Enquirer: 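If you scroll down you'll find the structure; I have some questions about it.
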Amino acid sequence: MNYMEDLRSKNFEEIVEIGNKFGLAPFKARELYRSIHGKGKESLSEITTLQLGERSKLAKQFEIETPKPLQIKKGNRTIKAAFELKDGKIVEAVLMEYEEERKTVCVSSQAGCPIGCLFCATGRGGFRRNLTPGEIVSQVYFFAKMHQITNLVFMGMGEPFLNYNNVLSAAKNLNNDLGLNIAARKIVLSTIGIPAGINRLAREPGQYRLAWSLVSPFDRDRRQLVPYRSLPSIPNVVEAIGDYQAKTNRRITIEYVVLRGINDRMKDIKEIIAISRHLDCHINLIPYNETIPGKFENGNIEKMYSELRNVHLKVTVRQSLGGDVQGACGQLSAKLCGTESRPPRR
Ligand code: SAH
Ligand code: SF4
């Protein structure tokens, strides 16, 4: 079978190497990279800085894989897109407009997620496979055709640190100044807490930001809500983050989805305070977005906010966008049927 390689999965050095192999002048290899990662070209035939002969030689071995947008839903300051990958799998990404000047894309790193958090639609749908670097950047290139993208969050489907190499390769292409040139500081990797990934991120030269989804400050409760067999314990994650901060001096975000009666009790708050004392962190409380009707309820955000503030922690409440298109945190499920809208809950 004639196996075609995806140019969107290649980094700068790899494109230069391909250029050498195919006898392209160095400036042409740069142009090729810029066309793929900066301009989002979708086929070699569109890259007219290369001669016809050069393009057709490359086209025998390479293609520019462009996942097909299957469904696009526009909401209030959000656009959710579902893409069909080459093998028919579906992933979703969301563009969020927090402010006029800030356009954030929430990308998926895996088709499905093996962690299986009970409150998350992605987790409940099971795991399909890791995304390639090209499949990750493609989600951003789709939205970059509409707006200049300033921020990126790996908070869509999947656990980025279980697909570390492909996620970092995508992040580097998105950060490259011949690519979309998104500042590393504006790229957030959100993890359930995988120490191996945290250790590796600490050694990356780019200043990518780290967010940890704590879920519950008690290991027992956390394991019930996050039934991943090899889920690391909270002390192990805290230790990895401590090492990361010793190396990078970077503040992290603790993300905390607030579930009524489950992780918003006074004893949870006290334990969150104890954990955060070990770290340089900012706590971002996330209102629960409904995934399974009746199973969980949004918790007491106001109480948590004021209790954490009272002890001088840095706390914010996430402005949840995307609920109107089933595209808010935890709602991405790659199910295309959800086109009907439900009346708002009272
Ligand atoms: N797998 C990674 C990144 C994707 S999830 C992680 O878990 O960090 C991004 C965030 O959405 C996490 O903080 C997660 O706790 C939160 N989340 C998941 N389901 C949610 C829901 N139903 N409502 C609100 N936040 C949710
Ligand atoms: Fe996976 Fe994150 Fe959803 Fe948990 S919250 S199932 S880790 S995507």
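Each ligand, and each atom within it, is numbered from 1 in the order the structure gives. Quick caveat, the model's predicted, so the values are computed rather than measured.
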Enquirer: Closer than 2.8 Å to atom 3 (Fe) of ligand 2, do we get an N, O or S atom from C117, backbone or side chain?
Expert: no

Enquirer: In this structure, does ligand 2 have an atom that sits under 4.0 Å from one of the heavy atoms of G330?
Expert: no

Enquirer: Below 4.0 Å from ligand 1: does a non-hydrogen atom of Y256 turn up there or not?
Expert: no

Enquirer: Hey, is P287 touching ligand 1 through its side chain, its backbone, both or neither, going by heavy atoms under 4.0 Å?
Expert: backbone

Enquirer: Check whether any heavy atom of G158 sits under 4.0 Å from an atom of ligand 1.
Expert: yes

Enquirer: Does G156 come within less than 4.0 angstrom of ligand 1, counting non-hydrogen atoms of the residue?
Expert: yes

Enquirer: Could you name the option among G112, S190, G123 that has the heavy atom nearest to atom 6 (S) of ligand 2?
Expert: G123

Enquirer: Does the side chain of K60 come within less than 4.5 Å of M4's, by heavy atoms?
Expert: no

Enquirer: So, are R77 and E97 salt-bridged, with charged N and O less than 4.0 Å apart?
Expert: no

Enquirer: Looking only at protein heavy atoms, which one is nearest to atom 19 (N) of ligand 1, and what is the separation?
Expert: G330 CA, 3.1 Å

Enquirer: From atom 2 (Fe) of ligand 2, is the closest protein heavy-atom distance below 4.0 Å?
Expert: no

Enquirer: Identify, by atom number and element, the atoms of ligand 1 in contact range of F154, meaning under 4.0 Å from any of its heavy atoms.
Expert: 3 (C)

Enquirer: Applying a heavy-atom cut-off of 4.0 Å, say which part of F296 lies close to ligand 1: side chain, backbone, both or neither.
Expert: neither

Enquirer: Are D6 and R8 within salt-bridge range, i.e. N to O under 4.0 Å?
Expert: no

Enquirer: So, does V215 sit close enough to ligand 1 that a heavy atom of it is under 4.0 Å from the ligand?
Expert: no

Enquirer: Which ligand 1 atoms, with their elements, are less than 4.0 angstrom from a heavy-atom of I286?
Expert: 13 (O), 24 (C), 25 (N)

Enquirer: So, is Y288 polar-close to ligand 1, with some N/O to N/O distance under 3.5 Å?
Expert: no

Enquirer: Among side-chain atoms of S45 and R55, is any donor-acceptor pair under 3.5 angstrom?
Expert: no

Enquirer: If every non-hydrogen atom of Y33 is compared with every non-hydrogen atom of N11, which pair is closest and at what distance?
Expert: CE1-C, 3.8 Å

Enquirer: Have a look at A328, S190, G193 and point out the one with the heavy atom closest to atom 3 (C) of ligand 1.
Expert: S190

Enquirer: Would you check whether V257 has a nitrogen or oxygen atom less than 3.5 angstrom from a nitrogen or oxygen atom of ligand 1?
Expert: no

Enquirer: If the cut-off is 4.0 Å to any non-hydrogen atom of T291, which atoms of ligand 1 fall inside it?
Expert: 22 (N)

Enquirer: Between K57 and F62, is NZ or CZ placed under 6.0 angstrom from the six-membered ring centre and within 45° of the ring axis?
Expert: no

Enquirer: Which residue from C329, C113, P160, S213 reaches closest to atom 6 (C) of ligand 1 through any of its heavy atoms?
Expert: S213

